[in-house]
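Every value quoted in this text rests on a predicted model; they were computed, and no experiment measured them. One-based numbering along the sequence shown.
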Amino acid sequence: MLRTPFPLPAGEGLRLREWTEADVTALSALFDEPEMARWTPLRTPFDEAAAREYVTRAHERRAAGQALQFAITTDGQTPMGEVLLFMAAQDGSQVELAYGIGAPYRRRGLASRAVRVLLPHAFHDPAVRRAVLRIEPSNAPSAAVARATGFQLTEEPPVLRENDTRSVKLQTWQVRREAMAGHHSGHDSGHDSGRASY
């Protein structure tokens with residue numbers, strides 16, 4: 001079960017925070033664009049009604065201990081994107097991260113920084129053995145973020161995920177608990193357009 005960290009994660013020039021109803025307009029502006037539609041299962045168009053539903057669902061998932069969804073900010077206010085952490089195995093041994101950066105804020109290393117800030121919390125529960133990213137093979141920017149944050153591509157069979165509009169096969173990247181001690185390399189990547197699918 002995932003619990004909201006307190007204080008909220010911060011570091012590398014970022015302050016993560018939870019989404020609120022006040023973010024609906026900004027959230028729609030961030031997510032209602034072609035790259036998000038291409039790489040994510042988000043509704044298209046992602047209008048304010050979709051954004052409001054998204055915020056409500058984020059709060060429900062947090063309350064149930066299923067997922068944590070944070071706005072990525074540098075000032076604690078203006079959202080530039082999102083980083084997510086959610087349960088990925090019924091026995092609690094695996095969690096998954098995902099991320100997305102709004103078009104005006106890409107190529108600043110925000111996604112890689114946000115993953116590094118949140119990753120230690122992924123292993124807060126001793127039952128978690130690994131954290132994974134699931135990325136389409138053609139999503140080079142997200143693969144660059146995975147490499148920059150210490151994830152390694154596995155040889156596991158592709159994971160098939162479907163929604164109302166498309167079906168995708170995703171490769172699995174992982175960081176295992178035992179690798180976390182040497183995880184922080186200080187290397188960053190500006191390739192943060194797009195998103196790891198979830």
Nearest heavy-atom approach of Leu68 to Arg3 is CD1-O, 3.6 Å
Over all atoms of both residues, closest heavy-atom pair of Lys169 and Pro158:
CB-CB, 4.0 Å
Would Arg52 and Glu21 satisfy side chain to side chain contact (heavy atoms under 4.5 Å, CB included), going step by step from the backbone distance to the final call?
CA-CA 7 Å; Arg52 187 169 291 105; Glu21 285 290 331; 3.7 Å; yes
Quick one: side-chain contact (heavy atoms from CB on, under 4.5 Å) partners of [X], sequence neighbours excluded?
X	answer
Ala58	Gln69
Glu60	Thr56, Arg57
Met87	Leu2, Val95
Arg15	Ala10, Thr73

Can you confirm whether more than 12 heavy atoms, excluding those of Arg176, are under 6.0 Å from its CZ atom?
yes
Tell me whether the count of non-hydrogen atoms from other residues, nucleotides or ligands lying under 6.0 Å of CD in Gln66 goes above 12.
yes
Check the pair Glu12, Arg116 against side chain to side chain contact (heavy atoms under 4.5 Å, CB included), reporting the backbone distance first and the verdict last.
CA-CA 9 Å; Glu12 301 209 21; Arg116 281 197 295 269; 2.9 Å; yes
Pairing residues for [X] by the salt bridge (charged side-chain N to carboxylate O under 4.0 Å, His left out) criterion, not counting sequence neighbours:
X	answer
Glu155	none
Asp23	Arg17
Arg62	Glu18
Glu48	none

Just so I know, are the side chains of [X] and [Y] near enough to count as touching, which here means a heavy-atom distance under 4.5 Å?
X	Y	value
Arg61	His59	no
Phe70	Leu118	yes
Val168	Leu160	no
Thr149	Tyr99	no

Could you see if [X] belongs to whatever hydrophobic cluster contains [Y]? Use Ile, Leu, Val, Met, Phe, Trp, Tyr and a side-chain cutoff under 4.5 Å.
X	Y	answer
Leu8	Met80	yes
Val117	Ile72	yes
Tyr54	Phe86	yes
Trp19	Leu16	yes
Val83	Val132	no

I need the [X] [atom1] to [Y] [atom2] distance, nearest 0.5 Å.
X	Y	atom1	atom2	answer
Leu97	Leu85	CG	CG	5.0 Å
Trp173	Thr154	CH2	OG1	9.5 Å
Ser142	Arg147	OG	CZ	10.5 Å

Applying ring-ring contact (aromatic ring centres under 6.0 Å, His included), can you list everything that pairs with His124, at least two apart in sequence or on another chain?
His121
Phe123 meets the ring-ring contact (aromatic ring centres under 6.0 Å, His included) criterion, sequence neighbours left out, with none
Checking Arg113 side chain against Arg108 main chain: does a donor-acceptor pair fall under 3.5 Å?
yes
Under 3.5 Å donor-acceptor pairs involving side-chain atoms of residues 26-34, not counting sequence neighbours:
{"from": "Ser28", "atom 1": "OG", "to": "Phe46", "atom 2": "O", "distance (Å)": "2.8"}
{"from": "Asp32", "atom 1": "OD1", "to": "Phe46", "atom 2": "N", "distance (Å)": "3.0"}
{"from": "Glu33", "atom 1": "OE1", "to": "Glu35", "atom 2": "N", "distance (Å)": "3.3"}
{"from": "Glu33", "atom 1": "OE2", "to": "Met36", "atom 2": "N", "distance (Å)": "3.2"}
{"from": "Glu33", "atom 1": "OE2", "to": "Arg106", "atom 2": "NH2", "distance (Å)": "2.4"}

Verify side chain to side chain contact (heavy atoms under 4.5 Å, CB included) between Leu170 and Ile135, making sure each step is shown before the conclusion.
CA-CA 5 Å; Leu170 307 175; Ile135 301 173; 6.0 Å; no
Take Val55 and Glu53 through the side chain to side chain contact (heavy atoms under 4.5 Å, CB included) test and state the conclusion after the steps.
CA-CA 6 Å; Val55 171; Glu53 181 180 329; over 6 Å; no
Applying side-chain contact (heavy atoms from CB on, under 4.5 Å) between Phe151 and each of Val145, Thr172, Val115, report the one that passes.
Val115
SB check Arg161 Glu96 (cutoff 4.0 Å)
yes
Report the residues that fulfil side chain to side chain donor-acceptor pair (under 3.5 Å) with Gln94, sequence neighbours left out, ordered by chain and then residue number.
Arg130
